[in-house]
Amino acid sequence: MLPQHDRRNSREVFIGNVPMGGNNPVRLQTMTKTDTRDVQATLKQCRQALDAGADYIRISVPDVASVKAFEKIKNKLAGDGYRSPLIADIHYRHDLAIMMAGIADKLRINPANFGWPPESKKKQAKKSGKSEIPPGLLAETLAPLAEACKKHGTAIRLGGNAGSVEHTNTLTKTRSAEFLVNQAVKYLDILEELGFYDLVVSLKNSNPAETTEATRLMHQRMQQTGQHYPLHIGVTESGLGVSGRVSSALGIIPLLREGIADTIRVSLTEEPEKEIHFAQKLLDVCRQNGDNVFEATCRDNMLYIISRTSDPDTLIAEAVQGFLTLPERNAIQHITIEAPGMANQQVVKETAAQIMQQADIKEVGTRFISCPACARTSTDMEKLCRLFRKELADYPGIHIAIMGCMVNGPGEMAGADYGVIATSNDKVNVYAEGVCIKRNICGKEAISLIREILIEDDSGR
Ligand code: SF4
């Protein structure tokens, strides 16, 4: 763990039997990517992530069948000796949240889609033409949940994402750090008024710099208001491979170094245990022990990093850490990394290039973001994303977002030039600048369509 004097003094919140915040170590967490109703598949991912060192596992609960499956998974894990807390991820459904309050150790709700009251009142509220929920109505809506969570000792994370804020029209939403902070504070205030304090807060963005900005602002605000709730840190939809890891590292390492992270989640479109492995490496480089043995020097705006690791995740964490220690990093023109022990030298090259791109210094290729996948998609997101990355890699300045479902997809991809949302049966909808241009086509057709538009745009310039 990071030395205590370097950590913010947050409130200790019990998540089942594993407390977070206070004097506790920075906790590592991940989320399953299976259909929760598939108990065996979800159990397998839970066990693998727990064996890799996860402190908490989050599981999405989109329907009543998933509530039942969650309970079975919890009991089976306990039967096998795994007592780690399980977190339920809930969108929109108040009824499911109340049910899960008695089963899960923590609920993650998104203020953007949870604050709206159940259907009939929601219609009344919308009729009034307001896109923000009036605080009185919000308190009324949250009261039963706060009561249920209090009764069962269940914590709540207010998990805000820049891509989904409390507005009815996601395409005209405000994404600023300040907006996200204000939204979170509004919910904190109401839950406190309801006598509920077992809270954790996160403000995520797919852009690492904007993630750190929003989290720092939240930290400052909580310092002023005395609301010292634990902070959950992570860059959302960072994608996969080297670029996903670099993006996560750029967003998480600064906050770990500033001591304002109480728990971290690396969000990758890969298996949960891989998220945990990389999260552990981020912690290792921040506490400067483990096997990190790198040197970083800077001359004439050139950064040279020498690493002796043979582990790709360690290399990426070290390289980002080396970059972040530079006071004038935005003036860097080139990064050279030497890692003679690395079997895959492509990772070494890509790490240098991705740091330049993800830190907004130089565009080196298409920027991809993708959701980490959860129970709400039936598509193999990793396979789909790898296909897009292979076929559409060379369009510097172009942003492509690949999302697993319609629940969060449209909002989360709103800043991208092209968006792809998995529908059912391995089909996708394709969006250009937020407008749907083709529905239910296969991945390869979507790639051809986007490529044609890119070529047309290029020749029209
Ligand atoms: S976009 Fe949908 S499938 Fe992807 S992580 Fe978010 S809720 Fe899950």
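Excluded from the calculations below are hydrogen atoms, water molecules and symmetry mates; all remaining heavy atoms, backbone and side chain alike, are included. Whatever order the structure lists them in is the order used to number ligands and atoms, beginning at 1.
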Sorted by chain and residue number, the side chain to side chain contact (heavy atoms under 4.5 Å, CB included) partners of A88 (sequence neighbours excluded) come out as V61, F70, I90, M100, A104, L107
Taking the side chain from E270 and the backbone from L240, do they hold a donor-acceptor pair closer than 3.5 Å?
no
Do L217 and Q220 come close enough that some side-chain heavy atom pair is under 4.5 Å? yes
Fill in: Steps toward side-chain hydrogen bond (donor to acceptor under 3.5 Å, both in side chains) verdict (Q354, Q358)
CA-CA 6 Å; Q354 282 300 325; Q358 306 280 347; 3.0 Å; yes
Any protein N, O or S atom under 2.8 Å from atom 4 (Fe) of ligand 1? Found C371 SG
Exercise. Keeping the roles fixed (side chain from Q45, backbone from K33), state whether a donor-acceptor pair exists under 3.5 Å.
Key: yes
| query | Hey, is the main chain of T379 close enough, under 3.5 Å, to the side chain of T377 for a donor-acceptor pair? | reply | yes
